[in-house]
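Right, one structure below, let's go through it.
Just so it is clear, the model here is predicted, and its values are computed rather than measured. Numbered from 1 within each chain, the chains take letters A, B, ... in sequence-line order.
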Amino acid sequence: MSEVEDLYPIVMNLFRQRLDVQVETTETDLFETGTIDSLMFVELTLQLEDVFGITIPIDKVEFENFRSVATIADFVLAQSLAQHGKPPRVC
Amino acid sequence: MKILGISGLDNSLSFKQAHWPHLQEREYRMCQGYDAAAALVVDGVVVAAAAEERFDRRKHSAAFPIHAVRYCMSEAGIALEEVDELAHCFDYTPYRAAFMPDPVARQRYQQVYSKEALLARVSRHLPGFSHDRVRAVNHHLSHAASAYLTSGWDDCLVIVIDGMGEVHGISVYQGRGGRLDRIAQMSALDSIGIFYSLVTLHLGFDFNADEYKIMGLAPYGDPRRFAAFFDEAVELCRDGSIRISPLRLNRTRDERENYLATRRYLAEHLGPERCPDAELTETHRDIAAGLQACLDKTLLHICRHFADKTGLGRLALAGGVALNCTANGALLQSGLFDEIYVQPAAGDDGAALGAALYRAGRHERIPTTRFQVPYLGPMPSPQDVRSALRQFAADIVATPFDTLEETCLAASQCIADGEVIGWYRGRMEFGPRALGHRSILADPGRADMRDRINAMVKKREAFRPFAPAVSVEQVHQWFAVPPMTELPYMIMTVNVRDEFQRALPAITHVNGSARVQTVSPHDDAAFHSLLRAVGKATGREMVLNTSFNVKGQPIVNTPVEAIATFLSTGIDALFIENILIRRRSPRPSSSVPPSHPS
């Protein structure tokens, strides 16, 4: 598996355990299915920060990065590389 | 600097009505932006503040507070061009991305929440006001500033707890040296304010309006019956946060907007939703009791954690939940803090004040002095009073007195005789409570006074208690507090001393508590003089004090409204400043005769 695919199960788990949301697949469109509303969006960013040890400036993010578990994993990896120069540690 | 703060989102309700057209009227209360108000801070000092509802006569009005703004300008004697900044108590801009995925949320952001929407409203209502001088202030930060910058303390813990700000339900700050540093925030997905409001709705009352009625109902019930339900629903976490799983059940847009899944959950676990006019049963009373106990416990949990974490001995509170006098009283009695201050306009009207104070604090040092009793609203001119008297000349007889002392003597005699009086004097209060300037007063020692006032004026639920106003010199005689305890805002409950509970039936709640307002000469010399006079007439420097309005009506603002309300109810006499007003003809037949001492 690639570095980004390693993150998939962790993000899926985050949704299930921390947000009480069951996401069907890593490609499921979280916006189309109504999984993420404004409050959930903010909560998701906080949980991603907590789990992956990255900082997510919510006033600067592109919402499209949060469309699916796969795009979230891409975003998390990119942020971690940019902020820490390495893939995310898992808290 | 002259900074004008405003609250309210005037097209928030119309947006909801357009997108959810078939809701019950009271479901439209599940909407951001009610309680519009304006407050003016000049050189760090609050000079005027008023809620828009007092002008447009729509309770909890969300309208752009243009009348309140005009009043503030007039009070300070300045023109709008002289205002350095207009500060609005919501700032959704940092959360823009969160509203973009859903098309309806995106529209709401653009039309209601965005800075562009605010600027459009400013242009419409205050044409010519420079957009460069318009500031958006985070909602909880506004509340926090309203508490911290009026607390009179340099260093304290500040907790904001309400339904929700932009996206949060609770925020915790440390105030120090005029600055507010955020320590923690909790999502509105776990909002104890929203949860309390949803149970309020379940019990047949209005969301984000009638929570104080549930607080009043609670002492009639048994909190143990539904304790397990509330313990499971509101999880108290080790890090001082809370998690409210029933609020996280909503999955679709409609469910989230109107908390449909949560409401189904409540119906499954607490029994069917009560219709607004249905009888209140033991079950409803027990639910209210369980909910109130849950809130008391939750507030204590949060406060204890952050008191321990920061070591701070002073607490300043604001946000709509901070209007819950019972929870505040429990906090006071817990001994967790050396001192507790609840900003008296803790709801969203007070967020207008906080937005102005916060922005003022960015430019200049705000004086570290405790907020006076907030008599910050309009005061009628003698001409206004004369004009009102002329308008109703056919229906009233007016007797002027030369001095305050004579007025107080006459009013105290009315109260001692068992009459119910309107007491209209000075500047209107800011915040939800009538604190002796737009009040209905009576003798608290009469057994039937609660029913009598309810029947003649308030037309409200019989279970709700009335509050006492007592001189600060006598508060410890009647209530279980140390001598000279100051509780000037009527925002905490304390216990009536056991030996006096039967002697004070009109203000003693079923659990022996009372929502006390203490009055000192410093708070309000005229009201204090009245209490002194009442003391000479009745033996108690105390009155029953309830707001001067009828059910569904905002508290009266103008002398005309005061006289019209007087004439339409069974109030026996009205005092406007130093003028006694009585009806020319007998009272309406529906009114109730003066009661006799118990």
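- Taking every heavy atom of both residues into account, B:Arg248 and A:Arg18 meet most closely at NH1-O, 4.0 Å.
- The environment of B:Arg243 atom CZ is dense: over 12 non-hydrogen atoms of other residues, nucleotides or ligands sit within 6.0 angstrom.
- Taking OG of A:Ser38 as the reference point, atom OH of B:Tyr92 lies at 8.5 Å (rounded to 0.5 Å).
- In this structure, CG on A:Asp37 lies 11.0 Å from CD on B:Glu255, to the nearest 0.5 angstrom.
- Atom NZ of A:Lys60 sits about 14.0 Å away from atom CZ of B:Arg96, to the nearest 0.5 Å.
- The closest side-chain heavy-atom distance from B:Arg251 to A:Val21 is below 4.5 Å.
- Remark: side-chain polar atoms of B:Arg256 are paired, donor with acceptor, to backbone N or O of A:Gly34 under 3.5 angstrom.
- A distance of 11.0 Å separates CD of B:Glu166 from CG of A:Leu39, quoted to the nearest 0.5 Å.
- In terms of heavy-atom pairs under 4.5 angstrom with chain B, the leader among A:Val42, A:Leu19, A:Thr35, A:Asp20 is A:Asp20.
- Taking each heavy atom of A:Phe63 and B:Ala97 in turn, the nearest pair found is CB-O, 3.5 Å.
- Within 6.0 Å of atom CD in A:Glu62, 12 or fewer heavy atoms from other residues, nucleotides or ligands are found, so the atom counts as exposed in its surroundings.
- Counted within 6.0 Å of CZ on B:Arg362, heavy atoms from surrounding residues, nucleotides or ligands total 12 or fewer; the atom is thus considered open.
- For A:Thr45, no part lies near chain B; criterion is any non-hydrogen pair under 4.5 Å.
- Atom CD of B:Gln185 and atom CG of A:Leu46 lie 8.5 Å apart (nearest 0.5 Å).
- Put simply, CD on A:Glu64 and CE on B:Met100 are 11.5 Å apart, with the number rounded to the nearest 0.5 Å.
- For B:Ala105, no part lies under 4.5 angstrom from a heavy atom of chain A.
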